[in-house]
Amino acid sequence: MLNAIIPLLLDSLASAALIFFAAVGLTLVFSVLRVLNVAHGSLYSIGGYVAASACLFIASRQMNPYLSFVALLFSAVFVAAIFGPVVERSLVRWTYGKSEAVQILITFGLFLMLEDLQRMIFGVQSYYEDTPMRLLGTTNLSGVVYLNYQIVLIVMAVAVVVGLRFLIRHTRTGRLMTAVVADREMAQAVGIDTNRIFMLAFSLGVFLAALGGALATPTSGIAPGLGADTMVLAFAVAAIGGLGQIEGAAVASLIVGLARVLAIYVAPELDAVAPYAAMLVVLLIRPYGLFGSTSVRRV
Amino acid sequence: MRTILAAAGILVIAALPLVAPWLQFVLTLAVAKGFAALGVAVLLRAGLISIGHAMFFAASAYGVTFLARLGVNDFAVLLAVSVLAAAAVGAIVGSFLVRYRAIFFAMLNLAVSMVFYALCAKLYGVTGGTDGMPVPIPTIFGISLGEAAFKQVLFYVSLMLIVIVGAAVHRYLDSPLGHALSAVHTNEIRLEYLGIPVWAVLLIAYVISAALAGLGGAIAGFAIGRVVPDFAFWTASGHLVLVAVLGGIGGVPGAFIGAFFLELLHSAAVTVTDAWNLVVGAALIIVIMFLPRGFYGFFEREKASAL
Amino acid sequence: MKPAILETKDIHVAFNGVKAADGVNLRVGEGEFLAVIGPNGSGKTTLLNICTGYIKPQSGRVCLEGKDITRLGPRAIARRGVARAFQIPQLFSDQRVIDNMMLALAAKDGLWSAIRPLETEARHQEATRLLELVGLADDAKRISRTLPEGHRKLLDIAVAMALKPRLLLLDEPTSGVSVLERFPLMEALMAALRQARITALFVEHDMEVVARYANRVLVWNAGQIMAEGRPDDVFSDARVLERVVGVA
């Protein structure tokens, strides 16, 4: 009995961790900037491509294979540093205060451009680079074999939740972000440099997306179309949790991860349907997501 | 004046394949996307953005193949029934979704369409999975045609439908219901206080927009000869919104101007570069930033500034 | 005593513990022109929100011509013949002035045509007549967003009139309207109301307007009716003078 449940649970948690990485940046950016970034999935896949390329480079130069762990992290930093400030300043900033339709379309335009850029730079072949996963090996627990990398993913996801909480509650930048989220105009009025906060928050969102892509590469590889697939998945998770709710995204990831793994065990053909079906059910009952809230228009 | 322009435009498009026969397929596809984009544009008038209308596009194309499998083989019947099917799906989905606004409306449309997409891709026995299903060549009023002849008929029928359906949609937008639809965008409170049921106004618009997307999907299915789940993928929905916005949501011609422009540009661009999405993405951003009313806005600008 | 068109019975509403209506019994008689006055923040707009179903009272009942409408929403109440003009004009600001009017007229008589155009000869005439009444005939073709605030206010009233209501609720009809236009507007409005036999309840700040046009005044304070009666009686009440009319 336990032998059947524990692998299922571990699979669910690892799956949830990867889903969480895809969604958390999206929801963070939405909470601070009030912009739904449709290009978020592309930044995720770019993170994956850069990480895979870096790991392949390390392998080809016969460098210490443990450097690939560093490479995973630095790929995310690299992508965030390149795309975060530039995209926020040039495109996203222009959409502040504009209608959702405009925001969705501008970032959809960005999504289209990034998809082609990836194809031009990284080609159309799939990348499989699982050095980091192989290095960590497996654990044999009462006859069932676990990938240690899965445990690392789960630990990393928990670390991100805790880290973000700490950042938001206990650092100056985080408190400024909270102030901007609570009342943007008031924050501006008391002299908070909201533009700087927006740029930081957006770059942090890009970093989390790219980190997700980088961490996912060793387990699932990367292929064209990943950005588009990740985008809707991230969307679904963020919506289930309530757009802008980081803890909500964590809970939603667990739900979706569990739903997916259950689907794989029970009815494999429904695996891809599970996240969207979950999203549909949750949104029809609670349109603002599990943890979301809304304000009512007054006459 | 504008009627003359529109008539001239249609005549030019009708004549193009006589000069360059390979354009016929491209133009038929443009008409198909134009109808679907018009459907999206109808909802955009109420300020509602749907990233899920490719579902109706696909549903209708699948409807054609299902009907064909049941033995229906008449072009007009296939077209009419599949459009009605899309409208029926629209009525069911719409009755749930018209309560929502802004990003939630966009997201729920996305969610529904992705469930549809995933089901189409996974239910191999019913939909043929990711391979999709072939769309047969139907008979037209009992006459069976060869493929080339049918595609030609399809093209000219679609052009005719632009005129007929376009005029009907134009009248709808100018009717009390159409004005009420635009009013949803600016002031729902006043609408309620006028005693106008906003949900009914939106549901009618939603069904019309689903039917338009369905009409486009059926035409596309016939033109391509195959329907695949990718018809319903969210990026396809995004493209429909893109076409509607590029063309300008000001009126009926906008969606078709956008579709013809994009498809023609596409066939020109593929000979030069394969970075088509890069071009379209950049064009979309530029149009939104600098031409908020789309290409159609060019024609309307004079009228707007005279006010 | 004339039959009541609108009655509230022991209405209670509180927002976060602040009482906006605390046991209110209000009665609007057929053909009356009832003014509601009171200090800012005393809940006058809340009263209109309750009467039109925008806010549901926590207890008590609202009756329209004897029928309970407490649980109905703004749309259903509007269809029963109650129209409202807002303190902040609620317009279709991207549409032309005349289209605002014609949509209101269509809401009354023929929304469900998706084929015939909004603009018909009859609607155009009626819309123009009402616009002339409030002095906006020259602005008919303008996009309503571009109107000055005072004119937006007038349009908002005209839109409410277009519904041919039995009861018209006006939220500060003369605020934002220039002093010069204030009395001509009220004269025209009164004439139109009388002619169409429309009963009206209006929230107002301008005591001169109240004194001249209301046949009954209701003084609202802290969620309760503090005094009511004929304008001269109410304005001679010392408590009212102190609370509402103030030093003026």
Side-chain angles (χ1 to χ4, degrees), chain B residues 42 44-47 87 98-99 164-209 211-212 248-252 292-293 297 300 303-307, chain C residues 48-49 52-54 72-86 88-120 123 139 141-146 155-156 159-160 162-165 169:
Chain B
V42 164
L44 276 173
R45 285 178 86 91
V98 296
R99 279 181 293 159
I164 299 167
V165 176
V169 173
H170 184 78
R171 292 205 73 154
Y172 161 65
L173 292 179
D174 196 37
S175 75
L177 274 174
H179 279 269
L181 181 66
S182 320
V184 173
H185 189 25
T186 42
N187 204 325
E188 279 188 48
I189 289 174
R190 176 46 97 187
L191 273 179
E192 288 284 331
Y193 271 95
L194 290 181
I196 296 174
V198 172
W199 68 268
V201 170
L202 288 180
L203 184 57
I204 291 168
Y206 199 90
V207 171
I208 289 174
S209 82
L212 286 168
I249 57 165
V252 175
R293 308 199 52 196
E300 283 212 316
K303 191 181 140 220
S305 60
L307 287 167
Chain C
L48 297 191
N49 282 341
T52 55
Y54 192 78
L72 299 182
R75 185 187 355 129
I77 292 177
R79 295 212 79 88
R80 279 168 174 71
V82 179
R84 176 175 181 186
F86 294 82
I88 303 156
Q90 300 288 338
L91 303 173
F92 307 125
S93 41
D94 288 342
Q95 304 190 19
R96 295 181 307 167
V97 168
I98 188 106
D99 290 337
N100 270 269
M101 294 300 298
M102 289 194 295
L103 194 51
L105 291 166
K108 183 82 185 163
D109 60 41
L111 181 73
W112 302 109
S113 168
I115 304 162
R116 259 170 279 149
L118 173 68
E119 179 158 353
T120 62
R123 264 186 217 133
D139 292 328
K141 295 242 154 45
R142 281 176 72 168
I143 303 289
S144 49
R145 184 179 353 103
T146 65
L155 177 57
D156 195 56
V159 164
L163 289 177
K164 303 180 188 68
L169 308 175

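Model, not experiment: these values are computed from the prediction. Excluded from the calculations below are hydrogen atoms, water molecules and symmetry mates; all remaining heavy atoms, backbone and side chain alike, are included. Numbers restart at 1 for each chain; the letters A, B, ... are given by sequence-line order, proteins then strands.
- Of the inter-residue distances, the one linking Gln90(C) atom CD with Glu192(B) atom CD reads 12.5 Å to the nearest 0.5 angstrom.
- Between Phe92(C) and Thr186(B), the shortest heavy-atom distance links the atoms CA-OG1, 3.5 Å.
- For the atom pair His179(B) NE2 and Leu118(C) CG, the distance stands at 4.5 Å (nearest 0.5 Å).
- Listed here is the closest heavy atom pair of Ala183(B) and Gln95(C): N-NE2, 3.4 Å.
- The shortest heavy-atom contact between Ile196(B) and Arg79(C) is N-NH1, 4.4 Å.
- Both the backbone and the side chain of Ala104(C) come within contact range of chain B, judged by heavy atoms closer than 4.5 Å.
- Taking each heavy atom of Pro176(B) and Ala106(C) in turn, the nearest pair found is CB-CB, 3.9 Å.
- Contacts between Ile77(C) and chain B at a heavy-atom distance below 4.5 Å are absent for every atom of the residue.
- In this structure, Asp156(C) and Arg190(B) have side chains that are in contact, with non-hydrogen atoms separated by less than 4.5 Å.
- Proximity to chain B involves both the backbone and the side chain of Asp94(C), based on heavy atoms less than 4.5 angstrom apart.
- Counting only distance, with no hydrogens or angles, the side chain of Asp174(B) and the backbone of Pro117(C) share no donor-acceptor pair below 3.5 Å.
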Yes or no on side chain to side chain contact (heavy atoms under 4.5 Å, CB included) for Tyr54(C) and Ile189(B), after CA distance, side-chain angles and deciding distance?
CA-CA 10 Å; Tyr54(C) 192 78; Ile189(B) 289 174; 4.0 Å; yes
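- A side-chain contact (heavy atoms from CB on, under 4.5 Å) with Leu194(B) is found for exactly one of Leu105(C), Leu163(C), Asn100(C), namely Leu163(C).
- Each of Ser182(B), Ala180(B), Pro197(B) has some count of heavy-atom pairs under 4.5 Å with chain C, and the biggest count is that of Pro197(B).
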